[in-house]
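Take a look at the structure set out below.
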Amino acid sequence: MQTVEAHELMKVFVTRRISPEAMKILTTAGVCEVSLWDSEEPAPRSELLKGVQGAHGILCMLSDEIDAEVLDAAGPNLKVISTLSVGYDHLALDEVKKRGIRVGYTPDVLTDATAELTVALLLATARRIPEGLEEVKNGGWSSWKPFWLCGNGLSGSTVGIIGLGRIGMAISRRLMPFGVKRLLYSGRTAKPHATEVNGEFVPLDTLITESDFIVVSCSLTPETQGLCDKAFFSKMKNTAVFVNSSRGAVVNQEDLYEALSSGQIAAAGLDVTTPEPLPTNHPLLTLKNCVVLPHIGSATYSTRRTMLALAVRNLLGGVQGTEMPIILTLHV
Ligand SMILES: O=C(O)C(=O)CO
């Protein structure tokens, strides 16, 4: 662990190595003593528990489980948790709220990058691009054949988006120019902004049975945990493609494996899994019709730089008790 400055300042703990630019914003503010886990890899739990001790602020990643144990280890000084993510399912919000801690997060700035990646994953899965690349390399490409490596296209299709929030909308906007015929969405409530993409608010069952492509773009909550299970997949068309770029736990992976290996559904593209990383011997990785990416939805250089700058500003506002650029409203 590296300590950058040590005066009578607010203590902050950063759970990962961050960019020099973000570090500069943090240190030149002159309000905190910064400790960080100076590695690309996550801090072991014991180091996390040690690092947060006495901290006024924590800047964490989505892979850090910030639960009651971490909050207790931090102690009563803790004023703010700033997460480098739009998702906050890794934070024990009930405990956070109880302790009066503010939470900063990074919505909006990653919407375009995540939507772009989701569309890339959908197309790669539907048009079997990873399989094609593999065949080119392994000698399986013997000649042009009428039905070899065929998939299904977006033109004339019905797309179902589960969760038409910021990212769901951005995905929909990008899909419409491909000639999608109907765009269905489901969620808690109908969204006025859906008119922009001619979105039809439908019951989840209608979305599942009528869609050719299903894209999961909702947040992970107790209601969405395990939502995509055996019953869900059994209602999908045999030709349909399932894509998830939200959180792995929305999907029951055993049920997904069954659906993919039995031909119940055509293919799946996942940017998120449970756990992350997915063990290399996981059954899903044996399937040709399952494309798995290592949670890279927001992974463009500029997006990550912007996320970091925002997370640092949230942290600085939080420790000083001043305005935070993007604060999470805690409803729990
Ligand atoms: O910010 C998040 O929550 C992500 O999952 C980034 O891809």
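Quick note: numbers below take in every heavy atom, side chains included, and nothing from hydrogens, waters or symmetry partners. Order of appearance sets the numbers: ligands from 1, and atoms from 1 within every ligand. The model shown is predicted, which means the values in this text are computed figures rather than measured ones.
Considering only residues two or more places apart in sequence or on other chains, Arg173 meets the salt bridge (Lys or Arg N to Asp or Glu O under 4.0 Å) condition with Glu196. Here Leu149 pairs with Arg128, Glu131, Glu135 under the side-chain contact (heavy atoms from CB on, under 4.5 Å) rule; sequence neighbours left out.
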- Residues Ser85, Thr83; criterion side chain to side chain donor-acceptor pair (under 3.5 Å); working and verdict: CA-CA 5 Å; Ser85 59; Thr83 183; 2.8 Å; yes

- Using the side chain to side chain donor-acceptor pair (under 3.5 Å) rule, take Asn244 and Ser246 through it: C-alpha gap first, then chi angles, then the decisive distance, then the call. CA-CA 6 Å; Asn244 182 14; Ser246 69; 3.0 Å; yes

- Under the ring pair (Phe, Tyr, Trp, His ring centres under 6.0 Å) rule, what do Phe213 and Phe242 come out as? Steps first, then yes or no, please. CA-CA 6 Å; Phe213 298 89; Phe242 175 83; over 10 Å; no

Which donor-acceptor pairs under 3.5 Å do the side chains of residues 64-74 make with protein atoms, sequence neighbours left out?
residue : atom : partner : partner atom : Å
Asp64   : OD2  : Thr15   : OG1          : 2.6
Asp64   : OD2  : Met61   : N            : 2.8
Asp67   : OD1  : Arg45   : NH2          : 2.7
Asp67   : OD1  : Glu69   : N            : 3.3
Asp67   : OD1  : Val70   : N            : 3.2
Asp67   : OD2  : Arg45   : NH2          : 2.9
Glu69   : OE1  : Arg45   : NE           : 3.4
Glu69   : OE1  : Arg45   : NH2          : 2.9
Asp72   : OD1  : Arg99   : NH2          : 2.5

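Residue-level contacts of ligand 1 at the 4.0 Å heavy-atom threshold are Leu62, Ser85, Val86, Gly87, Leu110, Arg247, His295, Ser298.
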